[in-house]
Amino acid sequence: MSDAVEYDVEAIQNRWLPVWDEIAPFRSGDPDDPRPPKYVLDMFPYPSGDLHMGHAEAYALGDVIARYWVQQGFNVMHPIGWDAFGLPAENAAIRRGVNPKTWTYENIAQQRESMRRYACSFDWDRTLNTCDPEYYHWNQWLFLKMFERGLAYRKDSSVNWCPNDQTVLANEQVVNGRCERCDAVVTKKKLTQWYLRITDYAERLLDDMAQLEGKWPDKVLTMQRNWIGRSTGAEVQFAIEGRDEPVTVYTTRPDTLYGATFFVVAVDSDLAAELAAGSGVEQEFADYLAEVSKISEIDRLSAERPKTGVFLQRYAINPVNGERLPVYASDYVLADYGTGAIMAVPAHDQRDLDFARTFDIPVRVVVESDEDPSVTGVATGDDGPHVNSGPLDGLNTPDAVARVIEMLAEDGRAKAAVNYRLRDWLISRQRYWGTPIPIIHCPTCGEVPVPEDELPVQLPSPEGLDLQPKGTSPLGAAEEWLNVRCPRCDGPAQRDSDTMDTFVDSSWYFLRFLDPQRTDAPFDPEAAKRWLPVDQYVGGVTHAILHLLYARFFTKVLHDMGMVDFTEPFSSLLNQGMVVMDGSAMSKSRGNLVRLSDELAEHGVDAVRLTMVFAGPPEDDIDWADVSPSASVRFLTRAWRLSGDVTSEPGVDPVGGDIALRRVIHRLIHDAQLAVESFRFNVAVAKVMEMVNAVRKAIDSGPGGDDPAVREAVEAVAVLLSLVAPYTAEDMWARLGHEPSVALAGWPAVDPELVKAQTVTCVVQVAGKVKARLEVDPQIGEDDLQAAALADQAIVAALGGVEPRRVIVRAPKLVNIVPG
RNA sequence: GCCCGGGUGGCGGAAUUGGCAGACGCACUCGGCUUAAACCCGAGGGUCGCAAGACGUGCGGGUUCAAAUCCCGCCCCGGGCACCA
């Protein structure tokens, strides 16, 4: 029975959208829900405009996972919200002269409607916007908790400064010396700023990655390890002539102490300034410092830069042999890593060697090697027997390291030490559209937290404020807001006028989804116990370091506060790739922008989703030029048409149906399930395509549309398809005589008996080359299989009378005969 | 420089982790349906060869009865970190 009814994408979308609004199949908040909980989370979007192709991919993939677990009988929490504070809103607002708030909420409304139409399986009872006072209230609360615990503090230091956005940047936001947002060349500026003490958690951030091994992409774990940058070595004390206190240096190679021929302090460190004072080279030092601070981040990072520095006319004493080492100030030593001072061993460190050659400092080899660094200009590598090193002579590197630490530790002049590349997280921003920092600066009491019952400190209206970037926060001009009484002494005081980095907002939002309306706490610890950690997190690899590291840090702090009982927020992570066009990232200026709205209008929601999912492995980039949404429409039409060809009644027992079809279908459902659970969604789609092909054949040239197995198969197609193409699946489900929603129909039960193969194709090889194929019982014994293989005509011919030297039998799939 | 990935038909990609390389789809060719075209349905193809067959997963070697898969060396592409002592 073929029908004249056509597959009409537009009509199907319009038919089911209101029905879903009505039945809300993805609500997860019923406290009496008997289903086991599962938390599937997509990274929330930034409301910079309407959804684009990248969102379409990410949410299509997240939806496959969420909908799969719903079909498997879980109460899936799949929430969405908006990461709604931040610079782009503010910049757009400045350009158009509108309130950033208005702009932001308009975009949110638009994205929300687009997500609804895109059929995202979100629980719409759980949305949040980070720019709502109800949300950022708890940013402030968490900040104050950290302040209490000494994890939030203010310090004066040289910070990354974006001259374009006129704001400071976290280390993580400086990419190749440029501002991550606007690409301006980053400079340095000395400012007093708020920091979060993430370095206190460096060790745990590293160690707890053991929990994530195999469940997060290796790439992300590696990136985080690199970023944290743990190194082990020793702290060694050097006396400085004419200074009471010794100076500590950090080195990973204490074994090379006998090779130290000079000593360097970071030119911008306090120590350098102190040592320069009274040295007679004050002017030279000051000139050098001025020159260095003019160098941009980009130039500073250039590896080719020649070494520069100033001899401070002072000497450090090598603790192992009492030698006098000239002390230099240079910019190749970083003030904020280790102690800002190093011992320099030119023979075995390339940078020290470069410096030594520039300043004509002796090079002394202490680890034996064939090449002489002072001749080749190449410092020699790690291991080898030590020479010129007194008691260390003859030892290899690890032994020499241990020995020298032991020697110096006796009188406290050295100890084993660990260092991290990770720096504390600078969170102050001199911009308007963010969470106000809830601190009041009082001339007598200092930094006073805003009392909890006065939270949230709401952003003042931008009316009358100059939002143009100018290096200080626009909030500083909101005088009525700014000037308050000190909560402690009631004297005149001022609010902190900076706002928080928006990465604070996204560091804990996954907890707020538990109950976004809650007013007495950021979240309910009991609910957190039930739902968290997040079972599956889905998002772009662009957040591999920043967001994920910060969220992990916050989670550990909350753990230490006793608010959550886990230490890692995201049990499993899937990074989807990007959607590109003609090999490169889409952009207006490049002229290769593909508009999602155009694609949706042309092919429909289901076809776009299907195209995203089928294009390849989820973590790979999709080149839109390589894929075919119209082919997706064709397939969906083919699948949909099956639902009109089923003539048996709903509920008919499939057991009497065509056994061959049932075997194929059950095997494919089984395979599709494995594919989905291992994130091979493209393969799962291929399996559904095979199902459709098999059913088509069964209807046209097999048992026909009335066979119960055909109904069973088409119903399975509808359910499996519902993960990817919800509109088509729902319409098929209705045409099959069922009530909505197919999303809740349940994953088809796979009969293990039907999945078992009846016969197996056994490959018979001679010398590793396939010469025959046998259809055999899967239970066949090795001896029987060997006999059957050797008896086969083609095998007899291939052997040509030669006796087999060896026969390898892997029943039931393979026999390999090695001729004599 | 250091650290991760990856290289399979004309294209996107499969391959139960050592056991039939190329599933599924795109593009293409041929056939059916049609007055015709589109749609739809069916068939085809890794390369070379008329064929038997030979060769074939970046390149070169190795292990194994058997290698896209494991090992060694190289080449290329993508990503991360990078004056971090």
Side-chain angles (χ1 to χ4, degrees), chain A residues 2 6 175-176 217-231 233 249-254 256 260 264 266 300-305 307 330-334 336-345 348-352 354-355 419-423 541 544-545 610-611 614-617 619-623 625-632 634-635 637-638 641 670-671 674-675 678 680 682-693 696-697 700-701 761-773 804-810 813-819:
Chain A
S2 186
E6 280 302 310
V175 178
N176 293 326
D218 287 342
K219 184 184 173 184
V220 173
L221 294 177
T222 306
M223 283 165 74
Q224 294 227 343
R225 273 190 201 100
N226 285 345
W227 189 261
I228 296 168
R230 182 189 147 105
S231 78
V249 304
Y250 172 74
T251 175
T252 54
R253 295 295 305 278
T256 61
V264 190
R300 203 187 65 77
L301 288 173
S302 161
E304 308 299 296
R305 253 178 82 239
K307 293 283 179 284
S330 175
D331 66 347
Y332 88 91
V333 170
L334 306 175
D336 58 353
Y337 182 80
T339 59
I342 64 158
M343 66 174 209
V345 184
H348 307 296
D349 182 284
Q350 190 60 48
R351 298 153 300 181
D352 295 346
D354 294 343
F355 190 92
N419 244 296
Y420 299 94
R421 211 190 62 98
L422 183 71
R423 305 295 146 82
V541 73
I545 297 175
L610 178 68
T611 304
F614 184 58
E619 50 283 331
D620 288 4
D621 287 351
I622 298 172
D623 193 327
D626 289 340
V627 296
S628 173
S630 56
S632 298
R634 210 176 313 153
F635 164 70
T637 309
R638 228 167 107 76
R641 211 181 293 120
H670 168 84
D671 290 352
L674 287 180
S678 52
R680 285 143 52 233
N682 54 328
V683 178
V685 169
K687 298 298 174 187
V688 179
M689 287 173 168
E690 287 190 60
M691 287 169 74
V692 169
N693 292 342
R696 184 76 265 156
K697 196 164 266 177
D700 291 349
S701 54
T761 305
C762 174
V763 176
V764 186
Q765 303 174 328
V766 174
K769 301 214 181 298
V770 181
K771 294 293 176 186
R773 293 183 170 82
R805 180 158 58 92
R806 199 173 155 192
V807 180
I808 291 103
V809 182
R810 291 284 176 275
K813 291 178 76 174
L814 180 125
V815 178
N816 190 8
I817 300 162
V818 188

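Labels below follow one simple rule: chain letters A, B, ... track the order of the sequence lines, proteins then strands, and each chain is numbered from 1.
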**OP:** Return the orientation label for the Y332(A) and F355(A) ring planes: parallel under 30°, perpendicular over 60°, tilted otherwise.
**Re:** tilted
Subject >> Pairwise distance CG(D331(A)) to NZ(K307(A)) - rounded to 0.5 angstrom >> reply: 8.5 Å
Paired with [N]: which nucleotide, if any, by Watson-Crick or G-U wobble criteria at under 3.5 Å for both distances?
N	result
rC2(B)	rG80(B)
rG53(B)	rC48(B)
rA37(B)	none
rA15(B)	none
rA21(B)	none

Nucleotide [N], atom [atom2] - distance to [atom1] of [X] in whole Å:
X	N	atom1	atom2	answer
I545(A)	rG80(B)	CD1	P	8 Å
I342(A)	rC83(B)	CD1	C1'	9 Å
Y337(A)	rC81(B)	OH	C1'	13 Å
W227(A)	rG79(B)	CH2	C1'	15 Å
D671(A)	rA14(B)	CG	P	15 Å
R696(A)	rC40(B)	CZ	P	12 Å
M223(A)	rG78(B)	CE	C1'	13 Å
L674(A)	rU17(B)	CG	P	10 Å

Original post:
On a plain distance test, is the side chain of K813(A) in donor-acceptor contact with the base of rC20(B) below 3.5 Å?
Top reply: no
Original post:
Is a donor-acceptor contact shorter than 3.5 angstrom present between the side chain of N226(A) and the base of rC81(B)?
Top reply: no
Original post:
Taking only N and O in the side chain of R638(A), is any of them less than 4.0 Å away from OP1 or OP2 of rC41(B)?
Top reply: yes
Original post:
For the side chain of M689(A), counting heavy atoms from C-beta on, which of rC41(B), rG19(B), rG25(B) is nearest?
Top reply: rG25(B)
**OP:** Would you mind calling rU34(B) syn or anti? Take O4'-C1'-N9-C4 for purines or O4'-C1'-N1-C2 for pyrimidines, and syn is within 90° of 0.
**Re:** anti
Original post:
In terms of base orientation, is rG78(B) syn or anti, with the syn window spanning 90° either side of 0?
Top reply: anti
Subject >> Which atom of V249(A) lies closest to which atom of T339(A), heavy atoms considered >> reply: CA-OG1, 3.5 Å
Original post:
Would you say R806(A)'s side chain and P804(A)'s backbone share a donor-acceptor pair under 3.5 angstrom?
Top reply: no
Subject >> Comparing D626(A) and A341(A) on RNA chain B - which has the more 5′ nearest nucleotide >> reply: D626(A)
Subject >> Comparing A615(A) and S630(A) on RNA chain B - which has the more 5′ nearest nucleotide >> reply: A615(A)
**OP:** Would you classify V763(A) as touching base, sugar-phosphate or nothing, given that sugar-phosphate means primed atoms plus P, OP1 and OP2, and contacts are heavy atoms under 4.0 Å?
**Re:** base
